[in-house]
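Taking it in order: structure first as structure tokens, then the write-up.
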Amino acid sequence: MSFPAPPGSADYIIYTLTSQKATTQYNDISQSQLPNKLDKVVKAWNELKNSADLLNPNPQLLKLGI
């Protein structure tokens, strides 16, 4: 399943989610237009990622005050 950027779009980031049953690609431009169920998965993944970042901060970014 793929949710491409609109024709003529500038550079964009492509995200790929893979499960045992399927692989889905979407980009940052089309993220607001994802199907509801996929949007929930993306939001849950981002919450997990953000909580992991808080538990394991990047030492180089801490030195920079980021």
Side-chain angles (χ1 to χ4, degrees):
M1 191 178 301
S2 183
F3 299 90
S9 298
D11 294 337
Y12 54 89
I13 300 170
I14 296 175
Y15 298 94
T16 302
L17 300 174
T18 301
S19 72
Q20 294 175 346
K21 295 184 178 183
T23 296
T24 301
Q25 290 187 322
Y26 67 94
N27 58 65
D28 52 350
I29 295 171
S30 65
Q31 189 168 353
S32 64
Q33 299 170 354
L34 296 177
N36 190 39
K37 289 182 179 180
L38 180 56
D39 185 53
K40 287 181 181 182
V41 170
V42 170
K43 287 179 180 174
W45 180 258
N46 286 330
E47 287 178 22
L48 287 170
K49 182 197 156 303
N50 292 339
S51 65
D53 288 346
L54 290 174
L55 295 173
N56 302 302
N58 183 327
Q60 282 122 0
L61 295 179
L62 289 175
K63 288 179 189 176
L64 296 173
I66 298 174

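The main-chain N or O of I13 is found under 3.5 Å from a side-chain atom of D28 such that the two form a donor-acceptor pair. The backbone N or O of Q33 lies less than 3.5 Å from no partner atom in the side chain of S30, so there is not a single donor-acceptor pair.
T24 OG1 to L38 CG: the interatomic distance, rounded to the nearest 0.5 Å, is 6.0 Å. Rounding to the nearest 0.5 angstrom, the gap separating the OH atom in Y26 from the CD atom in Q31 is 4.5 Å. Note that the NZ atom of K43 and the CG atom of L48 stand 15.0 Å from one another [nearest 0.5 Å].
With sequence neighbours left out, S32 forms a side chain to side chain contact (heavy atoms under 4.5 Å, CB included) with no residue at all. Residues that satisfy the side-chain hydrogen bond (donor to acceptor under 3.5 Å, both in side chains) test with K40, not counting sequence neighbours, are absent from this structure.
Considering only heavy atoms from C-beta on, K37 stays 4.5 Å or farther from P35 through its side chain. Between L34 and V41 the shortest side-chain heavy-atom distance does not fall below 4.5 Å. Looking at heavy atoms from C-beta onward, T16 lies in side-chain contact with T23 at the 4.5 angstrom threshold.
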